[in-house]
Amino acid sequence: MFTSLSDRLTATFKNLRGKGRLSESDVNKTVRDIRMALIDADVALPVVKEFTSAVRERATGAEVSGALNPAQQVIKIVNEELVTILGGNTRTIQFAKRPPTVIMLAGLQGSGKTTFAGKLGAWLKEQGHTPILVAADLQRPNAVTQLEVTGQRAGVPVFAPERGNTGGHDAVLESGEGTRSFGDPVVVSRAGIAHAQSQQHDVVIVDTAGRLAVDAELMQQAADIRAAVQPDEVLFVIDAMIGQAAVETARAFAEGVDFTGVVLSKLDGDARGGAALSVAGTTGRPIMFASTGEQTRDIEVFHPDRMASRILDMGDVLTLIEQAERAFDQGQAEEMQRKFLAEEDFTFNDFLEQMSAIKRMGSLKSMLKMMPGMGQMSAQLDALDEREFDRVEAMVRSMTPFERTHPKQINGSRRSRIAKGSGVTVSEVNQLLERFTQAQKMMKQLARGGGMPGMPGLPGGGGGARKKQAKQVKKKGKSGNPAKRAQQEREAAERSASRPAGSAFGGQGGQDPVDPANLDPNQLPKGFEKFLGGQ
């Protein structure tokens with residue numbers, strides 16, 4: 001989403017590096033480049049003016065002129081101002097003191113409200129809540145059915161007493177008897193809250209109708225639902241790909257519905273991302289969630305500071321760690337740690353478990369883009385074919401249980417069978433086994449403290465220290481040649497005869513041993529005289 005903006009800002013800051021002092025022209029050029037980058041990203045003009053004015057004011061002050069590294073100080077200023085226009089602090093759902101907590105979703109048609117309802121329900125379920133979805137969108141064709149399918153995937157129940165529009169009409173069904181509506185969404189919303197109370201659900205998510213554009217009827221219906229159910233949170237779901245139109249739409253919903261938070265959907269798209277930088281700044285409402293895909297797990301709590309780090313190509317390691325903690329099973333992690341410390345072989349069964357956990361974390365490309373500096377490798381990341389992991393998994397699953405735990409026993413006939421079973425060539429199976437053997441060796445080397453191949457051993461590691469110590473104490477062996485061995489014995493005898501007596505503990509080389517009677521007691525350490533036998 002922010003690839004273009006991130007590349008432009010990174011190139012701008014690269015011109016500042018290495019300068020011990022920034023002149024006024026340097027600051028003006030940097031601010032001008034930032035302004036052009038924001039405009040190119042479809043950020044609203046009022047937000048651009050406010051942002052660049054704040055950056056210019058701080059960059060021309062003593063904050064930068066007195067800094068040891070002015071370039072890094074400017075980057076710090078831009079980062080802090082980005083956090084400000086993105087909302088400042090992280091905002092989470094405020095739950096009602098007396099359940100159920102009512103969350104109402106509003107937005108235009110096609111913005112992703114129904115899909116986000118299922119994601120939010122699954123996220124709340126992971127947090128230990130018991131949510132229920134209420135189908136109050138009775139106008140869009142088959143919206144109720146879509147919500148039921150979404151709720152089933154998320155494992156969240158759906159309250160849908162009305163089927164809504166199932167005939168493909170927009171709002172009303174024309175018949176000989178006149179105009180007939182599909183049901184009253186206000187009545188459905190009230191009934192949904194009553195049903196949640198009776199079934200002891202602590203969170204109610206109301207999915208409301210949308211339009212292709214803002215109109216009076218849409219706003220009136222949303223306002224009526226809000227007045228009827230008195231929601232604790234009203235979340236405005238907006239498509240992050242609509243650019244400048246996001247500002248007008250957000251203002252219209254803020255005046256008509258008065259939402260409490262914003263949800264950015266389709267944040268995994270290839271648009272320029274101006275909506276994310278515009279909505280919070282123009283409406284004053286915080287961005288609370290980001291929807292990043294079609295799966296129920298593709299939802300993130302919006303952290304302004306982390307998003308600013310992503311835009312400036314500083315990475316988002318904290319979010320990556322949180323996703324890993326959710327995806328990896330604690331028992332499996334402890335078992336892998338035990339096998340690693342015990343230097344047991346890493347098997348293909350362990351490999352399948354790791355691949356399954358990585359898939360639960362989401363797209364591999366999105367995870368790699370959270371690493372610092374990966375924005376400069378966007379072309380390589382876009383060229384990454386994630387289907388390669390499916391082919392590898394197919395090869396592993398074509399193995400027998402014995403072969404997965406004994407990869408060294410996979411001979412030529414077994415490799416041919418695995419290749420046919422997974423639809424690949426024998427050479428691909430050979431490459432997989434070769435890489436797997438290298439991975440096993442690397443893990444054992446790390447466990448012994450030897451470090452990565454071509455790198456020094458880990459500090460405090462056992463393996464590297466043992467090897468070094470063994471190398472130091474290793475002595476030259478005796479020759480198997482009788483004549484050469486006799487020569488070695490003669491040389492050793494001559495060295496022993498030439499060594500003066502007491503040189504090991506007394507004098508050095510040919511010097512005489514130290515006589516205790518010649519020592520000055522005043523120059524000895526305190527209390528040392530008792531070792532001299534009363535001398």
Side-chain angles (χ1 to χ4, degrees), residues 1-5 38-45 47 85-87 91 103-120 123 136-137 139-143 146-147 150 170 205-215 218-219 221-222 233-302 304 307 310-311 362-363 366:
M1 173 63 72
F2 297 106
T3 303
S4 176
L5 177 60
L38 294 175
I39 293 176
D40 185 61
D42 259 351
V43 180
L45 290 179
V47 177
I85 68 172
L86 287 171
R91 164 83 150 76
I103 302 174
M104 174 182 166
L105 303 183
L108 294 179
Q109 185 172 311
S111 60
K113 292 190 305 298
T114 303
T115 303
F116 176 74
K119 294 179 181 180
L120 182 60
W123 182 80
D137 183 358
Q139 299 179 6
R140 183 168 59 88
N142 295 316
Q146 182 190 356
L147 185 65
T150 303
D170 182 24
I205 302 173
V206 182
D207 181 29
T208 64
R211 294 287 195 285
L212 295 178
V214 177
D215 58 22
L218 166 65
M219 290 303 173
Q221 185 183 98
E233 295 280 8
V234 180
L235 301 184
F236 172 53
V237 183
I238 188 170
D239 187 345
M241 301 176 68
I242 65 175
Q244 289 279 351
V247 178
E248 298 179 4
T249 306
R251 285 175 176 170
F253 273 89
E255 295 173 0
V257 186
D258 191 21
F259 54 84
T260 60
V262 179
V263 176
L264 288 176
S265 65
K266 306 177 186 178
L267 205 61
D268 56 328
D270 57 356
R272 290 171 285 186
L277 300 175
S278 303
V279 173
T282 55
T283 64
R285 308 298 196 280
I287 303 174
M288 295 174 57
F289 291 97
S291 181
T292 57
E294 292 295 329
Q295 303 298 323
T296 55
R297 64 174 179 268
D298 296 334
I299 178 176
E300 298 178 7
V301 176
F302 191 88
M307 186 57 66
R310 291 191 201 182
I311 294 173
S363 170
S366 62

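Remember, predicted model here, so these are calculated numbers, not experimental data.
Proximity of Ile103 to Val206: side-chain heavy atoms (C-beta onward) are nowhere separated by under 4.5 Å. Between Thr260 and Arg91, some side-chain heavy-atom pair lies under the 4.5 Å cut-off. For the pair Val262 and Leu235, the minimum side-chain heavy-atom distance is 4.5 Å or more. Between Leu108 and Thr249, some side-chain heavy-atom pair lies under the 4.5 Å cut-off. Residues Met219 and Val257 are in side-chain contact: their nearest non-hydrogen atoms beyond the backbone lie under 4.5 Å apart. Residues Gln221 and Gln139 form a side-chain contact, since some pair of their non-hydrogen atoms from C-beta on lies under 4.5 Å apart. Side-chain atoms of Val263 and Ile287, non-hydrogen and from C-beta on, never get closer than 4.5 Å to each other.
Here the closest non-hydrogen pair linking Gly87 and Pro304 is C-CG, 4.3 Å.
With Leu264 as the partner, the side chain to side chain contact (heavy atoms under 4.5 Å, CB included) test is satisfied by one option alone out of Phe302, Phe289, Phe116: Phe302.
Considering only residues two or more places apart in sequence or on other chains, Lys119 meets the side-chain hydrogen bond (donor to acceptor under 3.5 Å, both in side chains) condition with Ser291. Under the side-chain contact (heavy atoms from CB on, under 4.5 Å) criterion, Thr283 pairs with Ala250, Phe259, Val279, Arg285, sequence neighbours left out.
Counted by atom type alone, Ser265 and Asp239 present zero donor-acceptor pairs between their side chains at under 3.5 Å.
In this structure a side-chain-to-backbone donor-acceptor pair under 3.5 Å is missing from Thr208 to Asp137.
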field: Residues Gln146, Arg140; criterion side-chain contact (heavy atoms from CB on, under 4.5 Å); working and verdict
entry: CA-CA 10 Å; Gln146 182 190 356; Arg140 183 168 59 88; 2.9 Å; yes

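With values rounded to the nearest 0.5 angstrom, Phe236 atom CZ is found 12.0 Å from Met104 atom CE. Taken to the nearest 0.5 Å, the CD1 atom of Ile299 stands 11.5 Å off from the OG1 atom of Thr115. Between atom CD1 of residue Ile238 and atom CZ of residue Phe253 there is a gap of 9.0 Å, rounded to the nearest 0.5 Å. A distance of 5.5 Å separates CG of Asp207 from CG of Leu147, quoted to the nearest 0.5 Å.
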